[in-house]
Number of protein chains: 2
Amino acid sequence: MEPLAFHHHDHSHCEGDVMHRAEALAKEQRLRLTPVRKRVLEILLEAHKAMGAYDVLQRLAAEGFGNQPPVAYRALEFLVEHGLAHRIRRLNAFTACMHPGEAHSPAFLICRQCDSVAEADAAGVRAALGASAEALGFTIERSNIEALGLCPACKTE
Amino acid sequence: MEPLAFHHHDHSHCEGDVMHRAEALAKEQRLRLTPVRKRVLEILLEAHKAMGAYDVLQRLAAEGFGNQPPVAYRALEFLVEHGLAHRIRRLNAFTACMHPGEAHSPAFLICRQCDSVAEADAAGVRAALGASAEALGFTIERSNIEALGLCPACKTE
DNA sequence: CTTGACTTGTGATATTATCACATATACGCC
DNA sequence: GGCGTATATGTGATAATATCACAAGTCAAG
């Protein structure tokens, strides 16, 4: 898994690229990536950071979609459900998945200064967590791993 | 770190024991464990599971403390700040720390069936997470690691 | 072209959390 | 002990986040 955040990169390209993969994935899995859902994913990708449901809703409403909370929440729930977006509980916010398709349940690194959110490789983390849980006889089904701190860019400023 | 949850144990004793350690810790660190704060900790310990701020508030109000949200939130914030309680973001809830004093920032195992919350050893998890973060130049300051699944008791039922 | 499953729009409401300001209490210092 | 300051609490209002319920619309299979 390549860490996309915290590095300079062709931003518009990364949007298109991820979007492309998301659409391919949706087709492959017979997911219905409807206009609202697709637009929400685009909005998240454009923002390139975590957005609250109401921020997303505002954008949607401005574009002629419904302006009631369920419109945003339902689309976001769909995207999260199918691995196209992630929910950042610490921020009560959502962010586009940068690695759709690649089975992963990443750890999130949240910069407290610039609010950027990066997906970090969590393979080792999950292994360790699984071991701890197993020692207690607990079976993990889903998990969220979030860290708050300073990103490299903000550290040097 | 001993896993207290998921095992039968002398419940009333564990309450008193943890409370005792919390008070000792407070004295040692010159923390002001005021009546509201102490009572909130007791309530969390008695419940022995995660409680929402408004649940706590209801209990407080019934006992003559203030009945406005900040009363509960302030006490809970204090307890979390000083390691006497933990915030479970997945549940928008709080739980008493079962290991006050022992420097730890545990992983939480949340049973989706019975809503019990156990603190699991997170030393390995944090090491792995720190390694992933460091690889990206990110400095972790705080983190929350939560897993949802089935506890041993609910698995066999 | 009809049925049934899924999706969206909409209004209302529930739940969680914070702000602002007045009052009261505890602590350090003299 | 008395004073001044920092800290804590009470209270009303409000903000931010999330869900429910139901009607209407859309899509796809048969």
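We name chains A, B, ... by the order of the sequence lines, and we start the count at 1 in each one.
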Q: Return the 5'-most residue of the pair A/Phe78, A/Pro70 with respect to DNA chain C, ranking by each residue's nearest nucleotide.
A: A/Phe78

Q: For the side chain of B/Arg39 and the backbone of B/Leu60, is there at least one donor-acceptor N/O pair under 3.5 Å apart?
A: no

Q: Answer with base, sugar-phosphate or nothing: what part of the nucleic acid does B/Val36 contact at a heavy-atom distance below 4.0 Å?
A: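 If one applies the 4.0 Å heavy-atom cut-off, B/Val36 turns out to touch the sugar-phosphate alone, with no base involved.
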
Q: Between D/dA13, C/dT7, C/dA26, which nucleotide has the shortest distance from any of its atoms to the side chain of A/Arg32?
A: C/dT7

Q: Quick one: A/Leu31 CG to C/dC6 P, roughly how many Å, whole number?
A: 13 Å

Q: Looking at D/dA16, I'd like to know if its phosphate oxygens (OP1 or OP2) sit under 4.0 Å from a side-chain N or O belonging to A/Tyr54.
A: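 Result: no.
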
Q: Roughly how many Å is it from CD in B/Gln58 to P in C/dT15, rounded to a whole number?
A: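 Going from CD in B/Gln58 over to P in C/dT15 covers 11 Å.
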
Q: Of the candidate nucleotides D/dG10, D/dT17, C/dG9, which contains the atom at the shortest distance from the side chain of A/Tyr73?
A: D/dT17

Q: Assess whether a salt bridge exists between B/Asp55 and B/Arg59, defined as any Lys/Arg side-chain N lying under 4.0 Å from an Asp/Glu carboxylate O.
A: no

Q: Given atom CZ of A/Arg30 and atom P of D/dC27, what is their separation to the nearest angstrom?
A: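 Value for this atom pair: 18 Å.
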
Q: Within the distance-only criterion (no hydrogens, no angle test), does the side chain of B/Glu146 pair as donor or acceptor with the backbone N or O of B/Arg90 below 3.5 angstrom?
A: yes

Q: Whole Å only: how far is the CG atom of B/Leu60 from the C1' atom of D/dA8?
A: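 Taking CG of B/Leu60 and C1' of D/dA8, I get 14 Å after rounding.
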
Q: Give a yes/no answer on whether the side chain of B/Arg87 brings an N or O atom under 4.0 Å of OP1 or OP2 in C/dA17.
A: yes

Q: For B/Thr139 and A/Gly149, indicate whether the former's side chain and the latter's backbone hold a donor-acceptor pair under 3.5 Å.
A: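 It does not hold such a pair.
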
Q: Looking at B/Asn92, I'd like to know whether one of its side-chain N or O atoms comes within less than 4.0 Å of OP1 or OP2 on C/dA17.
A: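 For C/dA17, OP1 or OP2 has a side-chain N or O of B/Asn92 closer than 4.0 Å.
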
Q: Would you mind telling me which of D/dG10, C/dA12, C/dA17 lies closest to the side-chain atoms of B/Ala53?
A: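 For the B/Ala53 side chain, the nearest candidate turns out to be C/dA17.
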
Q: Send over the distance from B/Asp55 CG to C/dT16 P, rounded to a whole Å.
A: 7 Å

Q: Rounded to whole Å, how long is the line connecting atom CG of B/Leu33 with atom P of C/dT25?
A: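 For the pair B/Leu33 CG and C/dT25 P, the rounded distance is 19 Å.
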
Q: Could you say whether A/Gly52 or B/Asn67 is positioned toward the 5' end of DNA chain D, judged by the nucleotide with the nearest heavy atom to each?
A: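 Here B/Asn67 is the residue nearer the 5' end.
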
Q: Establish, with yes or no, whether the OP1 or OP2 oxygen of C/dT8 is under 4.0 angstrom from a side-chain nitrogen or oxygen of A/Arg37.
A: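 The answer is yes; a side-chain N or O of A/Arg37 sits under 4.0 Å from OP1 or OP2.
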
Q: How long is the line joining CG of A/Leu91 and C1' of D/dA18, in whole Å?
A: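 Those two atoms, CG and C1', are 16 Å apart.
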
Q: Rounded off to whole Å, could you give me the CG-to-C1' distance for the B/Leu57 and C/dT16 pair?
A: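 Rounded to whole Å, this separation is 12 Å.
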
Q: It should be established whether A/Thr34 places a side-chain nitrogen or oxygen under 4.0 Å from OP1 or OP2 of nucleotide C/dT8.
A: yes

Q: Taking CD in A/Glu42 as the centre, count heavy atoms belonging to other residues, nucleotides or ligands within less than 6.0 Å. Is the count above 12?
A: yes

